[in-house]
Amino acid sequence: MQYNHKEIEPKWRQYWKDNRIYKVDIDSERKKFYVLDMFPYPSGAGLHVGHPLGYIASDIYSRYKRLQGFNVLHPMGYDAYGLPAEQYAIQTGQHPEKTTNENIARYRSQLDKIGFCYDWDREIRTCDPEYYKWTQWAFIQMFNSYYSYDAGKVRPISELIARFEKQGAAGLNVACSKPLDFTADQWNAMTAKEKSDTLMNYRVAYLGNTMVNWCPKLGTVLANDEVSEGVSLRGGYPVEQKVMYQWCLRVSAYAQRLLDDLESLDWTDSLKETQRNWIGRSEGAEMKFKIADSDVELEIFTTRADTVFGVTFMVLAPESKYVGMVTTPGQKAAVDEYVQATKRKTERERMIDKKVSGVFTGAYAINPLNGARIPVWVSDYVLAGYGTGAIMAVPAHDSRDYAFAKHFDLPIIPLIEGADVSEESYDAKEGIVINSKSDLLDLNGMQVKEAIAYTKKRIKELGIGEVKVNYRLRDAIFSRQRYWGEPFPVYYKDGIPEVLSEDKLPLLLPEVDKFLPTETGEPPLGRAAGWKTEDGYQFELCTMPGFAGSSAYYLRYMDPHNQDALVSKEADEYWRNVDLYIGGTEHATGHLIYSRFWNKVLFDLGHVCEPEPFKKLVNQGMIQGRSNFVYRIKDTNTFVSAGLKDQYDVTPIHVDINIVSNDILDTEKFKAWRPEFNDAEFVLEDGKYVCGYAVEKMSKSMFNVVNPDDIVDRYGADTLRLYEMFLGPLEQSKPWDTNGIDGTNRFIKKLWALFYKGDELLVTDAEPTKDNLKSLHKLIKKVTSDIENFSFNTSIAAFMICVNELSQQKCTSRLVLEQLLILLAPFAPHVTEELWHSAIGHDTTICDAAWPAYNEDYLKEDSVTYAVSFNGKARFTLQVAAGTSKEDVEAAALSNEGAAKWLDGKSVKKVIVVPNKIVNIVVG
RNA sequence: GCCCUAAUGGUGGAAUGGUAGACACGAGGGACUUAAAAUCCCUUGGCCAUUGCGGCCGUGUGGGUUCGAGUCCCACUUUGGGCACCA
């Protein structure tokens, strides 16, 4: 029998399917293990060879864990709501559901060819009403909750209402948009609308006027993680700052817990660091500055309370509420003009334009510690959304304040000994404090760090401020003015938003005639005529953002067909949370924050039993494309080989990698590739046209996309799987180069040759030799530890070595070959299944075999060879019997005739015998 | 600017502080074959020597610790990623 992947692979995939080999159920007898891939957004372009990298790794790990006896949950589904399908719908009029389903079908057929062990009975799609019912349900839970800092978790909003009725807002310690103050009587006197508005200040899912990222080109708002450098991540369109009345999720309430619980997670340090940066905790002080001749008090946030004696001006954000409160009549016109001018600029323009700008309000603040009169300015370098939107400026020790002071010629007072502030500010938090003394506070002579702590303590005692922690993490904006997303389970009754009762879910996405906003500027759902409750109340017209459906999908996989709950208590308590999550690092500040938040809300409310969703997370690297270039001599149709290109004036042109092999261009195919190259001429080197190459993103425009279907067709799924893993460490980015794939394909053929020579079956009942067992057990040891460390490339190298050794030993032992197959099964499931049945003679699947344990006895050596060095330089080798004591090795090394030469006239200072077969003799 | 990550042959990459370059690709040579494909064998970091051994240099740069450093420490250069008028 010859190895023929085209015959073997479809046969076994069909067998796995027919016999439901990968179906999993709760089994209290066995330990669970949950392995999850980040589910894909099914784009129109289909999968390229980079996409399955993480899926192959998780598949190997799943199969390995199963062989070790775990009950492995390994599901797959689709993140099916998203902008591309909707934009395609706008252009073509085709319903996004149709395109999405077509794309899913294509993804599925591509995934099916790679031999994954997913339990497809658990497949989910975020756009399926059976699924988004639970996304809507979760929203209702958040709407009906508020975050209590006293309880340290989310509580039902009904508790808060009961409290308001009895004692009003006095003494509240809860997460809110802005602190409110009202009595029980005031609460009870409120209208329904006023009560609703008030509660929005506390709900976890709330409607609020917030500064949003508005993308006019996309016609929707975007979350912070969907915007980078002032443009939308999808499409790269400009984004403006705008205040809008939107649904939001109070993620900020969880900032501290999201930060603290990172400690318990087995994630890479860099990913945790990225999340810490995103959460952006900063400890400081909030201080009050009175405005001279006014009742207004400016509240500011600072991490450098110690520099309060260096404050020479205050700055307000243009959007700050204080601006209107403090501006003097004389300055009003100038301030208004400045505020309007900033409003007109997009965030991007503000960022690009680093010129210092600002305007004086005419007001003065009083420094609470020394009574100094300080001018109050407005400038756009202060952000409205962070802290209080107002700062105390200390130009001597903050570079931004410094630039402002220099520009407007404001005084600069140095506060740290030896700091030269004539050219630039001194921002470092170290040194001895000077110039900082008043009746209320004396910091002179202290170290900066002491001074910060001491100042915080004093301002609290003096009642002019308090210690405060600020987070950069903002609430998530949850409305999108789009069609292709989950509808909110919300309707408006006399202008008051109400949520649907849970038994009315799912609220289905209605049909519309066009996927564009209405003529009156409402979102596309405004086109759905009569989209109202039975009582005639209008539903919310926005839909939920992309991250809504992906935030709790790992829970639904545990119990995907449950009609009564997101996940049953039984399923949740068995599967608990994800043991291993594999996916790209690009979700670090989006999905991986939202999921953790979402899970914590459900955890607080008692719906799930684990506070964190993903225990261990591995980020697979990107697979980059490897592009090829030809070099055209300018203004000709002559192409010059890469080695000679420097002799001419050339333009590099991307060339389709399918007509290039090992960087050698097929010139005939090149001429046929494009009409304009029909009469191309070539300057060759050694009779060949050598192409240049570059590592770039895999994309159609660079003609470097490699389709996994083509690889499977030519070499088989097993070869593809092995090669993707062999390419390099999983976490690392690396270029795809199809040329190397022959190596892993040859390996499979060599493996096959251990079992069959032509049609002759080689496997016998022969007793394994000592060498056979040694090769095998070396492999068991190596592969087991490599899989645990996700070092798949080195385990494949170990397989290659082992197969070579067994082949040289002419090993035919069924016992040895059988174990070899089990070890290889996670990596190459098809060929091992075939040999397991046809050559070894089993009639049950290899997936149910048991992972072998290694026996250290087989790994012992008869003799050990030491490299003997003098002062670290290798000089000769020494062979001694295994188990020789350290002292005897030492004696043998010194008495060896080779040693005499190196010891000549020198004395031995030390002899170091290391277990890894090194003897180092230190002489001097 | 701050934080994180990396840097090893022609290429992808191996190396618990212990003989750097495993494994694979590519390249060169050879066997088999009418021929090709496939398969197998040898060589393959650089320089020198080579009908025998062998020698020197080598893991981004400069220092340090150590009997011994790709690996640990300090400084720097470059790559990739994150955060960024966040006070």
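Every heavy atom of this structure was used, including side-chain atoms; hydrogens, water molecules and symmetry mates were not. All chains are named by letter (A, B, ...) in the order of the sequence lines, taking the proteins before the strands, and each is independently numbered beginning at 1. Predicted model only: the values in this text are computed from it and were never measured.
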message: Run the salt bridge (charged side-chain N to carboxylate O under 4.0 Å, His left out) test against A/R474 and tell me which residues pass, sequence neighbours left out.
response: none

field: Touch class at under 4.0 angstrom, heavy-atom based, for A/R474 against every strand present
entry: base

field: B/A6 to B/U16 separation - P atoms, rounded to the nearest Å
entry: 15 Å

query: Can you tell me how far C1' of B/A87 sits from CG of A/L316, to the nearest Å?
result: 13 Å

field: OP1 or OP2 of B/A14 under 4.0 Å from side-chain N/O of A/N793
entry: yes

query: Given B/U11, B/C83, B/C23, which nucleotide is nearest the side-chain atoms of A/T589?
result: B/C83

- prompt: How would you label the contact of A/I391 with the nucleic acid (heavy atoms, under 4.0 Å): base, sugar-phosphate, or nothing?
  reply: base

- prompt: Between the side chain of A/H397 and the main-chain N/O of A/Y426, is any donor-acceptor distance below 3.5 Å?
  reply: yes

Between B/A14 and B/A7 - C1' atom distance, rounded Å: 16 Å

query: How far, in whole Å, is B/U51 from B/C41 if one measures between their P atoms?
result: 27 Å

message: Counting only heavy atoms not in A/E424 (residues, nucleotides, ligands), do more than 12 fall under 6.0 Å from its CD?
response: no

- request: Measure from CH2 on A/W736 to P on B/G12 and round the result to the nearest Å.
  value: 16 Å

field: Which residue lies more 5' along RNA chain B, comparing A/Q275 with A/V914 via nearest heavy atoms
entry: A/V914

- request: Consider the side chain of A/I912, meaning its heavy atoms from C-beta on, and name the nucleotide among B/G18, B/A87, B/C4 that approaches it most closely.
  value: B/G18

message: Over all strands shown, is A/D737 touching base, sugar-phosphate only, or nothing at heavy-atom distances under 4.0 angstrom?
response: nothing

task: Check every atom of B/C23, B/A87, B/A38 against the side chain of A/K749 and return the nucleotide holding the closest atom.
output: B/A38

message: I want to verify a distance call: between B/C23, B/G13, B/C83, whose nearest atom is closest to the A/N277 side chain?
response: B/C83

statement: Side-chain contact check for A/D380: nearest option of B/C85, B/A24, B/C83 is B/C85

statement: Secondary structure of RNA chain B per the Watson-Crick/G-U criterion (both distances under 3.5 Å; [ ] crossing, | other strand, . unpaired) is ((((.((..(((.....[....)))((((((.......))))))((((.....))))..(((((..]....))))))).))))....

query: After noting the C-alpha distance and the side-chain angles of A/W736 and A/Y723, does the key distance pass the ring-ring contact (aromatic ring centres under 6.0 Å, His included) rule?
result: CA-CA 10 Å; A/W736 177 270; A/Y723 188 55; 5.2 Å; yes

- prompt: When the C1' atoms of B/C47 and B/G64 are considered, how many whole Å apart are they?
  reply: 30 Å

- request: Let me know the distance between CZ of A/R626 and P of B/G13, rounded to the nearest Å.
  value: 12 Å

query: Under 4.0 Å between a side-chain N/O of A/Y381 and OP1 or OP2 of B/A87, yes or no?
result: no

field: Polar side-chain atom of A/S791 near backbone of A/I787 as donor-acceptor pair, under 3.5 Å
entry: no

message: Starting the side chain at C-beta, find the nucleotide from B/A87, B/G12, B/A14 nearest to A/P729.
response: B/A14

message: What's A/K757 touching, base or sugar-phosphate or nothing? Going by heavy atoms closer than 4.0 Å.
response: nothing

query: Looking at B/A14, B/C25, B/C83, which one has an atom nearest to any side-chain atom of A/W278?
result: B/C83

- request: Mind checking side chain to side chain contact (heavy atoms under 4.5 Å, CB included) for A/S699 and listing every partner two or more places apart, or none if nothing turns up?
  value: A/S701, A/M702

- prompt: For B/G9, does the glycosidic angle fall within 90° of 0 (syn) or outside that (anti)?
  reply: syn

task: Counting heavy atoms from C-beta on, name the nucleotide in B/G26, B/C3, B/A14 closest to the side chain of A/E273.
output: B/C3

Residue A/T274, side-chain atoms from C-beta onward, closest of B/A24, B/C85, B/G82: B/G82

query: What nucleotide among B/A84, B/A87, B/G12 has an atom nearest to a side-chain atom of A/K734?
result: B/G12

field: Atom-pair distance (CD1 on A/I918; P on B/A15), nearest Å
entry: 18 Å

- prompt: CD of A/E7: more than 12 outside heavy atoms within 6.0 angstrom?
  reply: no

P spacing across the pair B/U43 / B/A37, given as an integer number of angstrom: 23 Å

query: Does a donor on one side chain sit under 3.5 Å from an acceptor on the other, for A/D225 and A/Y594?
result: yes

statement: Atom CZ of A/F747 and atom P of B/U39 are separated, to the nearest Å, by 15 Å

A/N871 CG - B/G68 C1' separation (whole Å): 9 Å

- prompt: Between atom CZ in A/F799 and atom P in B/A14, what is the gap in whole Å?
  reply: 17 Å

query: Roughly how far apart, to the nearest Å, are B/C25 and B/G62 at atom C1'?
result: 35 Å

query: Charged N to carboxylate O below 4.0 Å: is that the case for A/E273 and A/R276?
result: yes

- prompt: When the distance from CG of A/L473 to P of B/A84 is rounded to whole Å, what number comes out?
  reply: 12 Å

task: Considering just the side-chain nitrogens and oxygens of A/R472, establish if one lies under 4.0 Å of OP1 or OP2 belonging to B/A84.
output: yes

task: Select from A/R746 and A/A867 the residue whose nearest nucleotide in RNA chain B is closer to the 5' end of that strand.
output: A/A867

- prompt: Mind checking whether A/Y386 and A/F301 have parallel, tilted or perpendicular rings, split at 30° and 60°?
  reply: perpendicular

message: For B/G13 and A/Q732 - does any side-chain N or O of the residue sit under 4.0 Å from the phosphate oxygens OP1/OP2?
response: yes

query: If the C1' atom of B/C32 is compared with that of B/A38, how far apart are they to the nearest Å?
result: 11 Å

- prompt: Does OP1 or OP2 of B/A87 have a side-chain N or O of A/S282 closer than 4.0 Å?
  reply: yes

